[in-house]
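Reviewing the structure listed below.
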Amino acid sequence: MHPLGFSTLGCPGEPLDQVLALAKGNNIAGLELRTADDEFTHLGLTAAERRELRTRIEDAGLEILAVSSYVKLCAVEDQPLEAHLELAADLGARGVRVFPGDDPADAGDDTDASHGPSAGEIRALDRVTSAPKDSRILLETHDSHSAGRKMARLCRLLDAEAPGHNAKVIWDSAHTWSHGETPAEAFDLLKPWIDFIQIKDEDSTQGYRPVPIGAGDYPIADLLQTLEGIDYWLSLEWELKWHPHLPPLAEALPATLTWLS
């Protein structure tokens, strides 16, 4: 089975002790740390607090898959990318999760392969080029670049214009599916850049609304078949913070282990 992690988005506001207990009780090996002022992971942590947080997570045998920021790489406004990259380096995380966040008016049609880079994508290129390389920039298939074909286009731009860049992709597999791509199609598009894969269950008959594990129609068997023989981290992005109708993470994690098996 692929190593499994989860995002602390699924246990908003819970202390580190509770997060570590959830991980230990469910054979979890990795964490995505939601980074915000109301969480135990935030930019205001002192150097000593960062060392303590890193030590406690490492002592628990866990890997930090991402410091999950709300940086929008394509946005016009200044973004605190460098501060998040510094936090990720201090914590020993694989990288910083960022959103594309391009202006829909400029981002172009997902199906138009000939569409040139948008102004936002050029801003993303500039930010990737100038960012320190101590930690990876992890672009999630989200918002303006939810489709694999759209994210792949941005990644090809980065490869062509910024050789040696430190950007990779977090494949939110439900988002690419909601944009009409099967797991096999999205994987084929994104394979050169994938760092790890987010999973969740959704109901396509309800506008791809997140639902309890097993209650939706996300094709998890197709994803696992697509990944057969390939070693990737899977991470449960349990969006309890934004969807309080969902069951608690303590229920979702055991259900996910069953779903995957």
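Numbers here simply count residues along the sequence, with the first being 1.
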Between [X] and [Y], is there a donor-acceptor pair closer than 3.5 Å when you use the side chain of the first and the backbone of the second?
X: His245; Y: Pro210; result: yes
X: Thr141; Y: Gly148; result: no
X: Arg54; Y: Asp90; result: yes
X: Glu181; Y: Arg149; result: yes
X: Asp203; Y: Arg209; result: no
X: Asp222; Y: Pro183; result: no
X: Arg123; Y: Cys74; result: yes
X: Lys150; Y: Ser144; result: yes
X: Glu39; Y: Ala36; result: no
X: Glu237; Y: Ser235; result: no

Taking C-beta and beyond as the side chain, do [X] and [Y] meet within less than 4.5 Å on heavy atoms?
X: Leu33; Y: Ile57; result: yes
X: Leu73; Y: Leu81; result: yes
X: Ile213; Y: Leu260; result: no
X: Glu86; Y: Leu43; result: no
X: Ser146; Y: Asp172; result: no

Quick one: salt bridge (Lys or Arg N to Asp or Glu O under 4.0 Å) partners of Lys241, sequence neighbours excluded?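 In terms of salt bridge (Lys or Arg N to Asp or Glu O under 4.0 Å), with neighbours along the sequence ignored, Lys241 is linked to Asp38.
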Which atom pair, heavy atoms only, marks the closest approach of [X] to [Y]?
X: Leu249; Y: Cys11; answer: CD2-SG, 4.0 Å
X: Thr35; Y: Leu87; answer: CG2-CD2, 3.8 Å
X: Ala252; Y: Trp238; answer: CB-CE2, 3.4 Å
X: Lys72; Y: Gln79; answer: N-OE1, 3.0 Å

Please determine whether the number of non-hydrogen atoms from other residues, nucleotides or ligands lying under 6.0 Å from atom [atom1] of [X] exceeds 12.
X: Glu52; atom1: CD; result: no
X: Glu82; atom1: CD; result: no
X: Lys24; atom1: NZ; result: no
X: Glu58; atom1: CD; result: yes

Inspect the contact between Lys168 and Asp195 and indicate whether a charged nitrogen and a carboxylate oxygen are less than 4.0 angstrom apart.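 Here Asp195 does not pair with Lys168 in a salt bridge, since their nearest N and O are not under 4.0 Å apart.
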Nearest 0.5 Å please: distance from the [atom1] atom of [X] over to the [atom2] atom of [Y].
X: Ile199; Y: His2; atom1: CD1; atom2: NE2; answer: 9.5 Å
X: Gln206; Y: Asp217; atom1: CD; atom2: CG; answer: 9.5 Å
X: Ile28; Y: Leu20; atom1: CD1; atom2: CG; answer: 12.0 Å

Scan side-chain atoms only and decide if His175 and Gln198 contain a donor-acceptor pair under the 3.5 Å cut-off.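 The answer is no; no qualifying pair exists.
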Who pairs with His84 by ring-ring contact (aromatic ring centres under 6.0 Å, His included), at least two apart in sequence or on another chain?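 Testing His84 for ring-ring contact (aromatic ring centres under 6.0 Å, His included), a comparison that skips the adjacent residues, returns none.
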Establish, for the pair Arg97 and Tyr70, whether the NZ or CZ atom is under 6.0 angstrom from the six-membered ring centre and no further than 45 degrees off its axis.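 Checked: cation-pi criterion met.
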Check against side chain to side chain contact (heavy atoms under 4.5 Å, CB included), Trp193 and Arg156: CA-CA 10 Å; Trp193 305 285; Arg156 287 193 294 270; 3.8 Å; yes
Is [Y] reachable from [X] through a run of hydrophobic residues whose side-chain heavy atoms are each under 4.5 Å from the next?
X: Val71; Y: Leu125; answer: yes
X: Ile170; Y: Ile197; answer: no
X: Val128; Y: Leu138; answer: no
X: Ile64; Y: Phe6; answer: yes
X: Leu65; Y: Val67; answer: no

Can Tyr218 and Trp177 be said to form a ring pair (Phe, Tyr, Trp, His ring centres under 6.0 Å), step by step? CA-CA 8 Å; Tyr218 176 77; Trp177 176 62; 5.4 Å; yes
Side chain to side chain contact (heavy atoms under 4.5 Å, CB included) between Leu253 and Leu236: does it pass, once the steps are laid out? CA-CA 8 Å; Leu253 286 171; Leu236 177 64; 3.9 Å; yes
Asp134 and Leu85: CA distance, side-chain angles, deciding distance, side chain to side chain contact (heavy atoms under 4.5 Å, CB included) verdict: CA-CA 7 Å; Asp134 294 338; Leu85 289 169; over 6 Å; no
Could you go through the side chain to side chain contact (heavy atoms under 4.5 Å, CB included) check for Asp201 and Ile220 one step at a time? CA-CA 8 Å; Asp201 204 359; Ile220 189 63; over 6 Å; no
